Undergrad: 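Please read through the structure below; I'll follow up with questions.
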Number of protein chains: 2
Amino acid sequence: MELTERKKKVLRSVVDLYIRTAEPVGSKAIAELPDMNYSSATIRNEMSDLTVMGYLEQPHTSAGRVPAAAGYRLYVDELMADYRLSMDETQSINNAIEEKMQRVDKMLEKVAKLVSQATDLPAISAASRYGGATVRRFELIFAGQGSVILVVMLSDEQVLNKLIKLPVQVQQSDLQVLSAVLNATMTGLSPEEFTPELLQRVMEAAGDAGVLVPVIMEFTAETLRGHGNTNMAVAGQMRLLGLPEYQDVGKAQKVMSSLDEEALSNLPAIMQNQNGTKVLVGPENVASELKDTSVVMTKFDIGDGMQGMIGVVGPTRMDYAKITARLSYFAESLSKMFAKPEQPQLPEGKED
Amino acid sequence: MELTERKKKVLRSVVDLYIRTAEPVGSKAIAELPDMNYSSATIRNEMSDLTVMGYLEQPHTSAGRVPAAAGYRLYVDELMADYRLSMDETQSINNAIEEKMQRVDKMLEKVAKLVSQATDLPAISAASRYGGATVRRFELIFAGQGSVILVVMLSDEQVLNKLIKLPVQVQQSDLQVLSAVLNATMTGLSPEEFTPELLQRVMEAAGDAGVLVPVIMEFTAETLRGHGNTNMAVAGQMRLLGLPEYQDVGKAQKVMSSLDEEALSNLPAIMQNQNGTKVLVGPENVASELKDTSVVMTKFDIGDGMQGMIGVVGPTRMDYAKITARLSYFAESLSKMFAKPEQPQLPEGKED
DNA sequence: CTTAGCACTCAAAGTTGCTGAGTGCTAAAT
DNA sequence: ATTTAGCACTCAGCAACTTTGAGTGCTAAG
């Protein structure tokens with residue numbers, strides 16, 4: 001059977017209406033739409049065809065049609081109308097973003113919350129680093145009675161530190177020697193290169209302050225490894241409860257409990273090699289608990305060797321046009337913000 | 001009317017049973033309890049009295065009794081039996097806690113999750129600092145092409161850093177002068193003492209590196225202020241959905257949406273001057289959205305000038321004995337863990 | 001090819017009556 | 001003077017039944 005223009009028009013109308021109402025859509029409702037110049041009987045025939053073709057589904061013998069996954073897919077790919085953000089919407093997104101964001105993890109939490117708020121759906125945000133960082137420079141500061149502060153400067157402009165306490169006294173001069181050795185041997189390495197042999201060599205070269213070496217190496221390796229990882233945040237899971245499809249607490253609970261960082265951790269990975277906005281409709285989702293939900297996600301630029309991603313999880317019936325538009329705008333605004341020269345070093349070495 | 005021993009016994013039984021079943025409790029059910037040596041009619045009379053006295057409530061003319069807020073209060077204060085933790089329970093709490101906890105905010109998230117898991121209810125955790133920290137020492141590290149790393153060591157053993165980029169070149173020697181000036185004039189001060197006059201004086205004394213002073217001062221003041229604040233985390237809000245009282249999505253949503261950091265921010269404050277475990281029953285809660293829930297909370301010791309707090313939010317019908325026991329044990333174990341010499345510097349200067 | 005008309009289906013929303021748990025009161029038993 | 005058995009009464013919850021109305025598929029006429 002061929003997918004005529006009229007069939008597409010009917011399908012689009014059905015999806016649009018279903019997105020608005022969450023109720024099965026009947027032929028009469030479609031026939032009464034403003035620019036639908038056919039009678040309900042004709043629509044009925046078309047809907048019947050669309051059902052056979054797999055774009056629509058019938059919950060019961062007699063009670064309207066509902067879009068099937070394939071229907072949503074087609075809708076997202078070619079049928080849906082562009083959604084134009086209103087001034088109000090762009091305004092409120094911009095206002096929300098305009099704050100300073102201090103640390104990556106806090107930033108992600110904030111962004112997830114904002115996206116969730118802007119879409120009234122659960123949202124996730126993630127940041128991952130492409131290419132591992134290496135140490136550019138070590139610095140040791142003598143901090144009195146057996147304490148030493150280790151400062152590590154990474155290749156991506158981040159600075160980290162650690163307070164090390166020792167049972168033994170170390171001389172200021174020993175520290176100078178050690179820091180020279182560290183800078184000579186342990187910079188520019190990936191965490192895999194921190195082998196026991198290296199440890200051995202550095203300790204021998206370091207002399208009296210050698211006791212510090214194992215702690216330093218462990219801290220550094222761990223930090224570098226941590227920096228290769230993806231950081232993510234989820235927010236607004238509870239917004240699902242506002243939707244008619246989750247009035248059944250059992251269902252809501254099942255879906256919501258699978259909306260945590262672990263279950264969604266594959267989403268950022270999917271985005272890695274994608275560009276623009278990606279929509280996963282229902283069963284296209286990996287996790288089986290999410291087979292009745294859709295995900296819309298997009299990338300943004302953080303700079304400093306990091307790639308950001310924001311996404312929204314909602315019922316398959318979500319307003320793809322609107323959500324996609326808002327998400328894209330969000331991503332654009334975030335990229336702009338991070339590109340601003342005033343705060344070039346977002347993931348700055350600050351903490352509390 | 002007098003609250004006889006028998007009335008107390010009946011009241012306790014009613015609360016116990018209601019906690020278990022979440023269904024209104026009838027006189028017959030009480031009369032059939034193992035060591036209740038009276039007939040249902042007698043119990044009926046007692047229950048009628050307890051209702052008049054405000055300890056019980058009747059949802060409809062004819063359908064069991066339910067504890068009123070005053071009833072829960074009395075139950076918590078004197079009636080409830082001690083709950084003895086099983087080996088399993090202590091074991092699993094200990095296992096959960098035994099990991100290294102790196103940063104305060106991450107630690108709080110983790111603890112909130114663990115408590116929530118251990119009680120199957122939403123949980124909160126918070127850490128606040130008593131007495132503000134001051135700066136013990138400043139250190140400036142030259143980091144090449146117009147970059148300087150500022151390292152600040154606080155009186156509570158924490159170490160923070162910030163990468164500062166400058167449009168102008170600064171000499172290594174200038175940094176030495178500046179750090180001497182900073183250490184001479186800006187240590188041991190509270191954030192309020194960072195006045196414009198001080199800024200003026202330090203900048204004059206600092207010479208060529210004076211351009212750095214405003215940035216340094218702002219960062220320091222902000223950090224110190226941040227350190228006076230309370231940090232908190234909430235987890236497991238969704239667990240409410242498992243409870244019969246929140247099968248109605250509307251209710252669940254209302255309560256859950258008020259379970260965020262903002263709405264609960266007064267709880268840690270309440271604990272400040274309290275000792276041991278504190279229970280807030282229903283209407284005793286401050287937020288009106290929580291008037292049908294109870295809160296159990298307790299303190300624990302973090303060390304390093306910090307006070308921790310964990311709490312659980314649940315229906316007024318929650319199993320106070322069990323929850324209280326688990327929470328106390330949790331707090332005890334956490335205190336012990338933080339007191340362990342192996343990891344004395346928990347909130348260590350590490351970040352990512 | 002389109003549409004009006006009609007018989008058919010079925011979920012949702014009443015309607016009714018029953019059941020059972022629970023109460024309060026009274027009068028008998030202890 | 002308590003305690004308890006007995007009884008009439010109340011009321012939520014459930015199940016069976018009916019009604020309603022939205023929706024369908026098919027057919028025959030436009």
Side-chain angles (χ1 to χ4, degrees), chain A residues 1-11 13-18 20-33 35-68 71 244-245 247-248, chain B residues 1-11 13-18 20-33 35-68 71 244-245 247-248:
Chain A
M1 202 171 328
E2 212 202 335
L3 191 59
T4 62
E5 273 311 307
R6 194 169 71 184
K7 282 194 175 45
K8 284 188 189 174
K9 190 173 175 185
V10 171
L11 177 58
S13 302
V14 171
V15 178
D16 277 338
L17 209 58
Y18 186 65
R20 278 228 317 278
T21 62
E23 299 280 320
V25 180
S27 53
K28 200 173 150 211
I30 297 296
E32 278 165 358
L33 249 39
D35 64 331
M36 188 61 67
N37 302 316
Y38 299 96
S39 78
S40 70
T42 308
I43 305 296
R44 209 138 56 222
N45 290 329
E46 295 291 44
M47 283 169 79
S48 174
D49 290 354
L50 286 167
T51 307
V52 172
M53 295 163 83
Y55 295 115
L56 295 179
E57 285 178 345
Q58 229 172 345
H60 333 283
T61 345
S62 175
R65 301 295 212 289
V66 160
E245 29 270 286
Q247 287 313 89
D248 176 14
Chain B
M1 204 171 331
E2 213 199 337
L3 192 60
T4 63
E5 273 312 307
R6 193 170 70 186
K7 281 193 174 51
K8 284 185 187 172
K9 191 173 174 186
V10 171
L11 178 57
S13 304
V14 171
V15 178
D16 276 338
L17 209 60
Y18 186 64
R20 280 228 315 278
T21 62
E23 298 280 319
V25 179
S27 52
K28 199 171 152 211
I30 297 296
E32 278 165 358
L33 249 40
D35 66 331
M36 188 61 68
N37 302 315
Y38 300 95
S39 78
S40 70
T42 308
I43 305 297
R44 211 138 56 221
N45 289 330
E46 296 290 43
M47 283 170 80
S48 173
D49 289 355
L50 286 167
T51 306
V52 172
M53 295 164 82
Y55 294 113
L56 295 178
E57 287 178 344
Q58 228 172 344
H60 335 283
T61 344
S62 177
R65 302 292 212 290
V66 161
E245 28 271 284
Q247 288 312 88
D248 174 16

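Any value given below was found using the heavy atoms of this structure, including those in side chains, with hydrogens, waters and symmetry copies removed. Residue numbers start from 1 in every chain, and the chains themselves are labelled A, B, ... in the order their sequence lines are given, proteins ahead of strands. In this text the structure is predicted, and so the values were computed from the model without any measurement.
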Undergrad: Quickly work out the A:Arg44 CZ to C:dT3 C1' distance and round it to whole Å.
TA: 9 Å
Undergrad: Find the distance A:Leu56:CG to D:dT24:C1' and express it as a whole number of Å.
TA: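 Spelled out: CG on A:Leu56 to C1' on D:dT24 is 14 Å.
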Undergrad: To the nearest Å, how far apart are B:Asn37 CG and D:dT2 P?
TA: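 Rounding to the nearest Å, CG of B:Asn37 and P of D:dT2 are 19 Å apart.
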Undergrad: Which residue, B:Ser40 or A:Asn45, contacts DNA chain D at a nucleotide closer to its 5' end, judged by nearest heavy atom?
TA: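 Comparing both residues, the 5'-ward one is B:Ser40.
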Undergrad: Roughly, in whole Å, what's the span from NZ in A:Lys28 to P in C:dG5?
TA: 14 Å
Undergrad: Base, sugar-phosphate, or nothing for A:Thr42, non-hydrogen atoms under 4.0 angstrom?
TA: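 Base: the residue A:Thr42, judged by heavy atoms under 4.0 Å, touches a nucleobase.
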Undergrad: Look at B:Ser27 and C:dT23 and indicate whether a side-chain polar atom (N or O) is within less than 4.0 Å of OP1 or OP2.
TA: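 For C:dT23, OP1/OP2 do have a side-chain N/O of B:Ser27 under 4.0 Å.
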Undergrad: Can you check the A:Gln58 CD to D:dA22 P distance for me, whole Å?
TA: 17 Å
Undergrad: Check this one for me: any side-chain N or O of A:His60 less than 4.0 Å away from OP1 or OP2 of C:dA11?
TA: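 Yes, such a contact exists.
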Undergrad: Quick one: does B:Lys9's side chain get under 4.5 Å of B:Glu46's, heavy atoms only?
TA: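 The answer is no, as the side chains (C-beta and beyond) never meet within the 4.5 Å cut-off.
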Undergrad: What is the separation between atom CG on A:Asp49 and atom P on C:dT2, rounded to the nearest whole Å?
TA: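 Result: 12 Å.
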Undergrad: Mind calculating the distance between CD1 (A:Ile43) and C1' (D:dG25) to the nearest angstrom?
TA: 15 Å
Undergrad: For a quick test of reading the model: is some side-chain N or O of A:Arg6 closer than 4.0 Å to OP1 or OP2 of C:dT2?
TA: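 For C:dT2, OP1 or OP2 has a side-chain N or O of A:Arg6 closer than 4.0 Å.
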Undergrad: Just do the side-chain contact (heavy atoms from CB on, under 4.5 Å) check on A:Ser48 and A:Arg65 with the steps written out, would you?
TA: CA-CA 9 Å; A:Ser48 174; A:Arg65 301 295 212 289; 4.0 Å; yes
Undergrad: Using atom CE of B:Met47 as one end and atom C1' of C:dG24 as the other, report the distance to the nearest whole Å.
TA: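 Distance check: B:Met47 CE to C:dG24 C1' gives 13 Å.
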Undergrad: Should A:Thr61 be listed as having a side-chain N or O under 4.0 Å from OP1 or OP2 of C:dC10?
TA: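 So the side chain of A:Thr61 is within the cut-off, an N or O lying under 4.0 Å from OP1 or OP2 of C:dC10.
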